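Note that the structure is a prediction, hence the values are computed from the model and not measured.
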Amino acid sequence: MKKIIRGILSAAITAALLLGLQRLVIPKYTEDIVEGGFTAEYYRETLPHQVLMVGDCELYENFSTIELWEKYGITSYIRGNAQQLTWQSYYLLEDAMKYETPDVVVFNVLALKYDEPQREEYNRMTLDGMKWSDSKINAIKASMIKDESMLDYVFPLLRYHSRITELKKSDFKYYFSDITRTHAGYYMRVDALPYEEGIWEEEEPESFEFGKNVMKYLDKIADLCEEKGIRLLLVKAPSLSPVWYDEWDSQVKEYAKERNLDYINFLEHTDETGINYETDTYDQGLHMNLSGAEKCADYLGQFLSEKYKLENLHGEKETAKVWKKKAELYHSMEEAQKKELEEYGELVNY
């Protein structure tokens with residue numbers, strides 16, 4: 001009996017040590033590539049949201065969730081990651097339904113250009129932070145490329161063991177806690193770098209027809225929203241690169257018509273939004289900076305308020321209290337980034 005007990009204790013200690021080592025070597029995404037921490041941030045939310053946005057950087061860098069709150073009293077969250085693929089957006093949305101049912105889901109259509117999984121690095125940034133559930137398992141299965149293994153996702157130590165010789169101070173600093181980089185999913189940048197004509201050169205795709213796989217998952221997003229009584233809004237952000245071809249735009253418009261959905265192509269509304277590619281982008285037209293993201297949010301908020309009649313929640317005390325703190329952090333970061341720009345001429349810590 002004593003041998004059995006010792007064996008159980010020994011196994012438990014070994015497992016605890018391995019789990020501790022695994023926690024240490026898993027990337028903390030606090031420096032350089034911070035996007036890898038975005039997925040996990042969602043689970044720290046304490047209140048449901050009227051609007052959930054799912055998509056890639058064309059959402060989390062181009063729409064200010066705090067502006068939506070401050071100007072329209074709309075609560076929102078962006079479940080977005082770098083090169084987040086359509087099936088990943090579906091499973092993140094399905095996962096979110098375990099915690100809340102929003103009034104509106106916003107999906108950015110740029111991801112429809114990708115019909116197959118792309119790169120392991122992007123898969124990891126999107127999927128590692130998901131809580132374990134059937135949604136995560138199915139998302140991994142749909143996303144894995146050649147040579148990836150489900151076992152590596154179940155036991156990240158197998159994938160990241162080589163980092164034991166590359167550990168940084170941040171790996172120890174954030175061992176027990178995680179840093180929050182976004183504001184309800186919005187990633188802020190206040191610096192500006194204007195767009196220059198001809199700076200982005202891209203090869204046209206061999207085919208402009210969206211693939212069967214990606215359209216299957218767009219249908220699944222639409223079906224899930226219909227089943228839950230959620231309005232689905234399709235958007236194309238005002239980013240100038242990657243190029244959004246007319247052939248793609250026409251397919252989205254036709255799909256929206258067939259499914260009775262609304263579609264806003266922000267590239268067609270620069271006059272109404274007031275977007276200025278000299279001042280409202282921090283990387284020459286790829287993404288909006290803070291001023292651009294607030295302009296996009298203003299236009300979106302007006303649409304959500306007037307067409308979908310979303311309620312202004314400024315009068316709900318509990319909600320207002322939570323979002324007041326979010327807004328304070330938002331404006332604190334805004335001032336910190338501006339101060340950094342004045343001091344160094346560039347952003348160093350963001």
Side-chain angles (χ1 to χ4, degrees), residues 38-56 58-60 63 65 68-69 72-81 84-112 126-127 129-143 184-186 210 213-236 252 255-264 297 300-301 303-313 316 318-319 322-323:
F38 290 177
T39 294
E41 289 187 21
Y42 171 74
Y43 302 106
R44 300 172 208 160
E45 292 291 288
T46 58
L47 295 176
H49 309 89
Q50 293 165 286
V51 179
L52 275 180
M53 308 187 206
V54 288
D56 53 22
E58 290 210 352
L59 285 180
Y60 71 75
F63 294 90
T65 52
L68 280 174
W69 165 254
Y72 297 96
I74 293 173
T75 60
S76 62
Y77 198 96
I78 303 172
R79 296 207 77 179
N81 295 272
Q84 183 168 298
L85 303 170
T86 302
W87 45 93
Q88 294 169 346
S89 288
Y90 168 73
Y91 287 114
L92 283 168
L93 179 61
E94 183 184 72
D95 175 66
M97 294 300 105
K98 298 177 175 67
Y99 306 93
E100 61 178 315
T101 303
D103 298 304
V104 178
V105 164
V106 177
F107 174 71
N108 186 69
V109 297
L110 179 68
L112 296 176
T126 300
L127 303 175
M130 285 184 75
K131 286 188 176 182
W132 280 102
S133 68
D134 55 343
S135 298
K136 178 167 181 171
I137 292 170
N138 290 329
I140 293 170
K141 289 179 179 178
S143 302
Y186 165 63
F210 293 138
N213 184 49
V214 75
M215 294 307 294
K216 176 184 77 173
Y217 277 98
L218 180 58
D219 278 338
K220 287 172 76 69
I221 290 174
D223 291 342
L224 179 60
C225 288
E226 185 175 346
E227 174 190 337
K228 299 287 185 178
I230 300 168
R231 299 290 295 264
L232 174 60
L233 172 62
L234 306 179
V235 301
K236 170 63 186 78
V252 174
Y255 183 86
K257 182 179 180 181
E258 291 174 357
R259 298 293 304 240
N260 194 29
L261 305 174
D262 289 308
Y263 169 49
I264 303 174
L300 178 62
F303 179 90
L304 295 172
S305 297
E306 294 181 358
K307 182 156 187 178
Y308 293 171
K309 308 300 181 184
L310 290 192
E311 183 181 358
N312 184 322
L313 299 183
E316 289 195 3
E318 183 182 0
T319 301
V322 169
W323 280 83

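- Thr75 and Pro48 make their closest contact through OG1-O, 4.0 Å (heavy atoms, listed as atom of the first residue, atom of the second, distance).
- For the pair Leu68 and Val51, the minimum side-chain heavy-atom distance is 4.5 Å or more.
- Here the CH2-CG distance, from Trp323 to Leu47, works out to 9.0 Å after rounding to the nearest 0.5 Å.
- Atoms CD1 and CD1, on Ile230 and Ile221 in that order, are 11.5 Å from each other to the nearest 0.5 Å.
- Closest heavy-atom contact between Gln84 and Leu92: OE1-CD1, 3.3 Å.
- Annotation: the span from Leu224 atom CG to Met97 atom CE amounts to 6.0 Å, rounded to 0.5 Å.
- A salt bridge links Asp223 and Arg259; the closest N-O separation between the charged side-chain nitrogens and carboxylate oxygens is under 4.0 Å.
- Heavy atoms only, all atoms of each residue included: Ser135 and Asp95 are closest at OG-N, 3.7 Å.
- Salt-bridge formation is detected for the pair Lys98/Asp134: a Lys NZ or Arg NE/NH1/NH2 atom is positioned less than 4.0 Å from an Asp or Glu carboxylate oxygen.
- Pairing each heavy atom of Tyr43 with each of Met130, the nearest pair is OH-CA, 3.6 Å.
- Shortest non-hydrogen contact noted between Tyr217 and Ala142 is OH-CB, 3.8 Å.
- Here Leu304 contributes atom CG and Lys309 contributes atom NZ; the two are 12.0 Å apart, rounded to the nearest 0.5 Å.
- The side-chain heavy atoms of Asp56 and Asn108, taken from C-beta on, include a pair separated by under 4.5 Å.
- Side-chain polar atoms of Ser305 and Asn312 form no donor-acceptor pair below 3.5 angstrom.
- Residues Leu93 and Phe107 have side chains not in contact (no heavy-atom distance under 4.5 Å, counting atoms from C-beta outward).
- Within the 4.5 Å cutoff, side-chain heavy atoms of Asp262 are placed close to those of Arg231.
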request  = Carefully, step by step, assess Thr126 and Leu85 under the rule side-chain contact (heavy atoms from CB on, under 4.5 Å).
outcome  = CA-CA 9 Å; Thr126 300; Leu85 303 170; over 6 Å; no
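- Closest non-hydrogen pair, Gly129 versus Thr39, comes out as C-CG2, 3.6 Å.
- Taking CG of Leu261 as the start and CD of Glu226 as the end, the distance is 9.0 Å to the nearest 0.5 Å.
- Once rounded to the nearest 0.5 Å, the distance linking NE2 of His49 with CZ of Arg79 reads 10.0 Å.
- Ring planes of Tyr60 and Phe38: perpendicular class, angle over 60° (limits at 30 and 60°).
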inquiry  = Please determine whether side-chain contact (heavy atoms from CB on, under 4.5 Å) holds for the pair Tyr77 and Glu41, giving the CA-CA distance in whole Å, both sets of side-chain angles, and the decisive distance to 0.1 Å.
reply    = CA-CA 10 Å; Tyr77 198 96; Glu41 289 187 21; 3.5 Å; yes
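- Between Phe63 and Tyr186, the distance separating the two ring centers is not shorter than 6.0 angstrom.
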